[in-house]
Amino acid sequence: MVQTGGRPLTRAALAGQRRALEDGRTVTRKELSASAREAAKALALRPSLRLVLSELVAAWGEQEWSRLIVWPSNDYLVSRTGLSERAVRYALRDLVSLELVTPKDSANGKRYAIRARDGTIVDAFGFDLTPLYVRRGEWALAIQARAEARERRRRAFDLMTVHRRAVAEALQALASRHPETPVADLVTVQASLDASSPDRRSAGDPELVVEAWGELRQMVEERFYAAGCDGKSRRHIETEKGSLSESWSKDSPGTVGTARHAEWPAAGLPPALVVEACPTLRDLVRGEIREEHEVLDAGRGLRASIGAHQSAWAEACQALGPYRAAVLVLIVAQLHDDDVSSGRDRIRNPGGYFRRLARLCAEGRYSPETELLAMRRRRLT
C-alpha cells in the first residue's frame, strides 16, 4: 500500500487534493464555519465528527493562501473536544473519507507550520479544509433534498394511514352488512401488508407499500360495492349537459325533462364467457368463477403483471367501468400469452396495448364482447 507519512493513501484524499479555490479567493473563518454547519446538516454527521470539524475550522488563521491548511495536534483536539485520542483519530479518518478535509502530511507525519526568517508562516503540514469550502454548493442542494425526502416520507405515511383505515372500515362493513361475501383473501393480504408496513419511528420506506395499500383498498371497496349491487355493476354516463333546475325559454315545451343516461351493461360479458375465452383466469383464481367480483379482482390483480400503469387502469375504469376494465386486462393478458406461445411476439408492450384498447373501446371502435366470442371460437375449433 502506498503511504505518505505513515497514512494510507485513499481515493478520498486524492479527490480532496483536486479541489481548489477560485484564483484570488480569500476565505474568512466565519464563511468556513458556515460551510461546516451546512455540511454537518447535509451529511447528518455524528456528534464526534461535528466537534472535531468545528475545532479544525476554529484553527484557521485566515491566511491568504491558496489552500486552507490547519495543523492542530491530536492532544489539542482532545483537550478542546473532550473526546478520547482514539475517537479523535477515528473522526479525522472519517472526515477524510467524506471528502471534507484532506491530509497534507509531512515526512515524519507531524503537523506543524513552516516559518520564514522573520517568523511569518509561509506553509504548513496538517489538514486541508479546502474541500469543505469548495463544496458549499453541494451542501445547500443536499439539505434541500433531505427536506424534500422527509416531506415525501411524511406524506407517504399519511396516505398509508388513510388507506389502512379505509380497508379496515370496508372489511368491517362487509362483515356486518354482507356476511355471505367471502373476504378471506382480502384479510390475508391485509395481514401481510400490516406485517411488512413500517412505522414512523423506524427507518423503513413507506413508499414501498403505499401503492399496495391503495390497490387493496380498491379491491375491498369494489367487493363491498359488488355485494351491495348483488354482483351487478353498472356505470351511468350523463349525455345531457344542461342543468335540471335552469328556467326554460319561450320556445321551450314548458316542462323540464330529465337528463338521459347511457349505460355500459355487463350483461354481454358474463363471467362464464370470460373464463371460456381466457384460460389464464383459471390459473389466477382457485375454484370455480361465477361472480363478477371474482373476475374484477382477478383483472385488478393481473393489471401490474401486464405492465399497465395505475393511470391506465384509472382511465379505463372511468371510461368503461371497473368490471369492463378488468375484463379488458384479462383479454390483453390472454392475447399476450397466446402471442408469446405462438412465437410471433407481436405485442411488445402489453401495458400500452391495454391503454390503447381501453380508449378504442370508450370510442365505440372496439368491442370486448366480440373479442371474447372470437377468442372462445378459436379455442373450440
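Only this structure's heavy atoms are used, side chains among them; waters, hydrogens and symmetry mates stay out. Model, not experiment: these values are computed from the prediction.
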Pair D75-S73, side-chain hydrogen bond (donor to acceptor under 3.5 Å, both in side chains): steps then yes or no: CA-CA 5 Å; D75 293 338; S73 64; 5.1 Å; no
Okay, side chain of W60, backbone of L129: is any donor-acceptor separation there less than 3.5 Å? no
Examine distances only and state if a side-chain atom of S35 and a backbone atom of E31 form a donor-acceptor pair shorter than 3.5 Å. yes
hydrophobic_cluster_shared for W313 and L159, side chain cutoff 4.5 Å: no
I'd like to know if the side chain of R50 reaches the main chain of L45, judged simply by a donor and an acceptor atom lying under 3.5 Å from each other, with no hydrogens or angles considered. yes
S192: partners by side-chain contact (heavy atoms from CB on, under 4.5 Å), with sequence neighbours left out: none
Residues in salt bridge (Lys or Arg N to Asp or Glu O under 4.0 Å) contact with R89, at least two apart in sequence or another chain: none
Quick one: does NZ or CZ of R136 land under 6.0 Å from the six-membered ring centre of Y133, within 45 degrees of the ring axis? yes
By side-chain contact (heavy atoms from CB on, under 4.5 Å) - contacts of R348 (at least two apart): D345
Considering only NZ, NE, NH1 and NH2 on the basic side and carboxylate oxygens on the acidic side, decide whether D128 and K104 come within less than 4.0 Å. no
Tell me, please, which residues at least two apart from Y76 pass ring-ring contact (aromatic ring centres under 6.0 Å, His included). none
Just by distance, do the side chain of W139 and the backbone of L132 share a donor-acceptor pair under 3.5 Å? yes
Ignoring hydrogens and angles, state whether a donor on the side chain of R80 or S54 is under 3.5 Å from an acceptor on the partner side chain. no
Could you state the interatomic distance from CD1 (I69) to CZ (R111), rounded to the nearest 0.5 Å? 13.0 Å
Do the charged groups of R324 and E369 touch, with an N to O distance under 4.0 Å? yes
Salt bridge (Lys or Arg N to Asp or Glu O under 4.0 Å) partners of R300, counting only residues at least two apart: D297
Hey, does the side chain of D123 reach the backbone of I114 with a donor-acceptor pair shorter than 3.5 angstrom? no
May I ask you to decide if A308's main-chain N or O and R303's side chain share a donor-acceptor pair within less than 3.5 Å? yes
Sub-3.5 Å donor-acceptor pair from the side chain of S97 to the main-chain atoms of D94, do we have one? yes
Check this for me, if you would: do D158 and R200 make a salt bridge, where the nitrogen-to-carboxylate-oxygen distance has to be below 4.0 angstrom? yes
For a 4.5 angstrom cut-off between non-hydrogen side-chain atoms, does E371 reach L357? no
Flag for S48-R46: side-chain donor and acceptor within less than 3.5 Å: yes
Which residue pairs satisfy the side chain to side chain donor-acceptor pair (under 3.5 Å) criterion with at least one member in residues 167-190, sequence neighbours excluded? D185-R223
What I want to find out is whether E151 reaches R155 closely enough, with some N-O distance under 4.0 Å, to be called a salt bridge. yes
